[in-house]
Structure formats: C-alpha cells, structure tokens
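Worth saying up front: this structure is predicted, and the values here are computed from it rather than measured.
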Amino acid sequence: MTLMEHLRELRTRLFRACVAILLGTIVAWFLAEPVLNFIQQPYCDLMVAKAIKESSTHTLPDGYKCPFVQLGVTDVLVLKLKLSLWLGLILAGPIWLYQLWAFIAPGLHRHERRWAYLFGGLAGPLFAAGAYLSFVVVSEGLIFLLNMTGPDISTTLEITRYVDFVTGMMLVFGLAFEFPLGVMLANIAGVVSGRKLLSWWRFAVFTTFVFAAIATPTADPFGMTALALALSMLYFGAVGFAMFNDRRRGRNRPSYADLSDDEISSLDDYTPEPVAAATSVGGYDPVEPPTPVDAPTPVERPRSLDSRYDDIT
C-alpha cells in the first residue's frame, strides 16, 4: 500500500472507532445514574454510619440524604456526560481496539502477533484489578481522612471534586498495574534478562514505594502501602515470567550463550578444521586473475586564470 492508501485506511478505522464510541456513550447515558450512585457509595456509607452514631435513637433519621453539594448549575449534567463518555469508551472497547489492531496487525510478524495477543489479554484484567484496588483504597482512605475532623466540623463534599478524586484514583491504579507488561516486553525484546531483573529487586521495590507515595492522592499510609505491595508482587511475577522465557530460549542455544559479560567460554574442545586449497567451487573453475588495465590518457593541464579570463572576455 502507498502512503495515501495507509492514510485512507487510518481515516476509515478512526471513523468507525468514533462511531462506536458515540453509540457506546449514548447507551452509557442510561447507566450513568447507577454508576454515579456506586461511586458515591463509600462516602455515603460512612456518612450513614456517622449519622446513626450521632443519633439519639441510634437509627437513621427519616428523609436522610447523602450530604453532597452542587456548586454549579450544570455540574451534575457535566458530570453525567463525563461518566457516560468513560463508560462509552469501555463499552465500545472491543470495537475500537479491533480497529486499532486491524490497522497495526498487517505490519507484524507471526510471533509478534502472538505476543500482542498475550499482552492484549493481560492488559484488560490488570487494569480492572488496579481499578478495583483503588476503590478499596478509597473506602479505607475516607475512613482515615474524614475521622480526622473534630466533632465541631461539619463535612460535606462537593460531588464533582469527589467523583474526579475517585476516578483519578482508579485511572492511576489501573495504569500502574500495566507496569509488569513493560518489564515482560523488555525481556521478550532481549533488552534485559530475568537474572538481571531479579538482581534489581531492591531498587524496584524502593521505586514502587516512591511512586505509590507520589501517585496516591490520599495522605494515609494504607493506600500507598497497598499500591506499593501490589506493584511489587506484579514485578516479581514479571521476573518469574522473564526467568521462564530465558530458560525456554536457552534450550535452543549453545551453552556459552548463558555466560555473563565478564566470563569467557572454554576452547579446550575446539579443534579447527583444515581448509583445503581451492580447486573448484560447485563444478566451476576458480576465477582467473584480472588482466592488466592500460594506463589512462594524460589530461591536459588547465590554463592559468588570466588566460581563461581573456578567453571568456
């Protein structure tokens, strides 16, 4: 295909993906309300428990509503549109991912497609696991953060900022859980070996705790520790895969392929074979030596600049 044909195909793929996302967003609009209630549930459960504890009858007052505040007139409408777009991306995921794969796959080899299937099959569950862990962290983190307020302080959250906080946590945790895929890809590409990755485990664990401390929005240690431990376990899982992949590759390699950089292979068993004099190759006679070439004709020496100037004039 020419460059213009590739661009036309890319335009067609993008158009189909956008149509699928638009239809998914329309369908997700009817699911935005239940999803919004699900996101509000950790905060509402905490507020319900607090209201029951502060009530004299230890029961939930009649007509109790979850204390959220809307500061702008269109805040809830915009919030539902954002949730619908996120859900539309998820619902239309199989279609736009297929369009992306159909555009890239013709340029991949067979073994590259096999690894792409593996990574594609792992990326979705890993992201979902990270998003679920973030929801658990939010539930526990709210208990820690909101209990720090004194009895004289009334806590009422703004709904837009709260939803952005929860979805931001889910996005950060989901993307962080894709980290082992990068480690596996580096090993498959031959950039780093499993032994080298295992030797870096101290630095990797320290890096995951630093990343978790920066990426986790809550100030409590629970969320940071949960994310760091999960990433550390995923790293060791990726190291195990790298060790297995290296061992699988080593079955078809000579023994000296596993030597380290500062170790030389043994040449005791190596005996060079004598090379016979060249007589003929494939039934053909050897190439005859080239014949001498005649000397080139001498070139006339160029005239001086003054002479050429006079001629031109």
Side-chain angles (χ1 to χ4, degrees), residues 1-44 66 68 70-108 112-139 157-179 181-182 185 217:
M1 296 175 64
T2 63
L3 177 61
M4 293 305 299
E5 289 174 341
H6 280 296
L7 293 177
R8 292 191 187 97
E9 184 189 5
L10 178 61
R11 179 187 61 184
T12 303
R13 300 292 182 187
L14 289 176
F15 176 76
R16 294 174 182 174
C18 292
V19 171
I21 293 173
L22 178 60
L23 295 177
T25 302
I26 295 174
V27 175
W29 171 259
F30 301 97
L31 303 175
E33 188 69 27
V35 172
L36 181 60
N37 294 333
F38 176 75
I39 294 176
Q40 295 174 353
Q41 198 62 38
Y43 173 71
C44 291
C66 191
F68 275 108
Q70 176 184 350
L71 299 180
V73 178
T74 61
D75 283 354
V76 175
L77 175 63
V78 174
L79 181 59
K80 289 185 177 180
L81 288 175
K82 290 171 61 177
L83 289 177
S84 300
L85 180 59
W86 282 108
L87 292 175
L89 286 171
I90 297 175
L91 294 178
I95 299 178
W96 62 263
L97 284 175
Y98 170 76
Q99 298 298 327
L100 177 63
W101 174 250
F103 181 75
I104 297 176
L108 300 178
E112 294 173 339
R113 295 182 185 181
R114 184 174 67 251
W115 288 118
Y117 290 142
L118 175 62
F119 287 137
L122 292 177
L126 285 176
F127 188 91
Y132 176 76
L133 178 61
S134 70
F135 197 76
V136 176
V137 169
V138 166
S139 303
L157 300 183
E158 200 272 322
I159 186 169
T160 303
R161 296 180 61 183
Y162 171 79
V163 173
D164 290 341
F165 167 75
V166 176
T167 54
M169 285 276 291
M170 296 174 70
L171 183 62
V172 169
F173 275 58
L175 293 178
F177 269 53
E178 306 295 337
F179 164 69
L181 293 182
L185 181 61

Report task. Output yes when a side-chain donor or acceptor of E178 lies under 3.5 Å from a complementary backbone atom of L175, and no otherwise. Result -> no
Query raised in the report: Where is the tightest heavy-atom contact between E158 and F68, given as atom of each residue plus distance?
Result: C-CD2, 4.4 Å
Requested in this report: Taking atom OH of Y98 as the centre, report whether more than 12 heavy atoms of other residues, nucleotides or ligands fall under 6.0 Å from it.
Outcome: no
Query raised in the report: How far apart are the C-alpha atoms of V163 and L36, what are their side-chain angles, what is the distance that settles it, and do they pass the side-chain contact (heavy atoms from CB on, under 4.5 Å) test?
Result: CA-CA 8 Å; V163 173; L36 181 60; 3.7 Å; yes
Query - K80 side, atom NZ; L31 side, atom CG - distance, nearest 0.5 Å - result: 12.0 Å
Requested in this report: Determine, step by step, whether E33 and L83 satisfy the side-chain contact (heavy atoms from CB on, under 4.5 Å) criterion, reporting the C-alpha distance in whole Å, the side-chain angles of both residues, the deciding distance to 0.1 Å, and the verdict.
Outcome: CA-CA 9 Å; E33 188 69 27; L83 289 177; over 6 Å; no
Requested in this report: Determine the minimum heavy-atom distance between E9 and A102, stating which atoms define it.
Outcome: OE2-O, 4.0 Å
Requested in this report: Identify the heavy atoms of Q99 and A17 that sit nearest to each other, and give their distance.
Outcome: CG-N, 4.4 Å
Query raised in the report: Are V76 and T160 side-chain neighbours, meaning at least one heavy-atom pair lies under 4.5 Å?
Result: no
Query raised in the report: Is the number of heavy atoms from other residues, nucleotides or ligands within 6.0 Å of CH2 (W86) greater than 12?
Result: no
Report task. Taking all non-hydrogen atoms of both residues into account, name the closest pair between W96 and G93 and its distance. Result -> NE1-CA, 3.1 Å
Query - Sub-4.5 Å side-chain heavy-atom contact between Q40 and I159 - result: yes
**Report entry** Note, Y43 side chain near F165 side chain (heavy atom, < 4.5 Å)
**Finding:** no
Report task. For side-chain contact (heavy atoms from CB on, under 4.5 Å), just list the numbers for W29 and L81, CA-CA rounded to whole Å, side-chain angles, deciding distance to a tenth of an Å, and then say yes or no. Result -> CA-CA 7 Å; W29 171 259; L81 288 175; 3.8 Å; yes
Query raised in the report: To the nearest 0.5 Å, what is the distance between CG (D164) and NZ (K82)?
Result: 3.5 Å
Requested in this report: Answer yes or no: is there a side-chain heavy-atom contact under 4.5 Å between I21 and L89?
Outcome: yes
Report task. Report yes if the side chains of R16 and I95 come closer than 4.5 Å at any heavy-atom pair, otherwise no. Result -> no
Query - Within the 6.0 Å centroid threshold, strictly below: Y132 and F173 - result: no
Report summary line: When every non-hydrogen atom of A28 is compared with those of S84, the smallest separation belongs to CB-O, 3.4 Å
Query raised in the report: Backbone N or O of G72 within a donor-acceptor pair of the D75 side chain at under 3.5 Å?
Result: yes
**Report entry** Expected output: side-chain Y162 to main-chain I39 donor-acceptor under 3.5 Å
**Finding:** yes
**Report entry** Aromatic contact, F127 with F177 (centres under 6.0 Å)
**Finding:** no
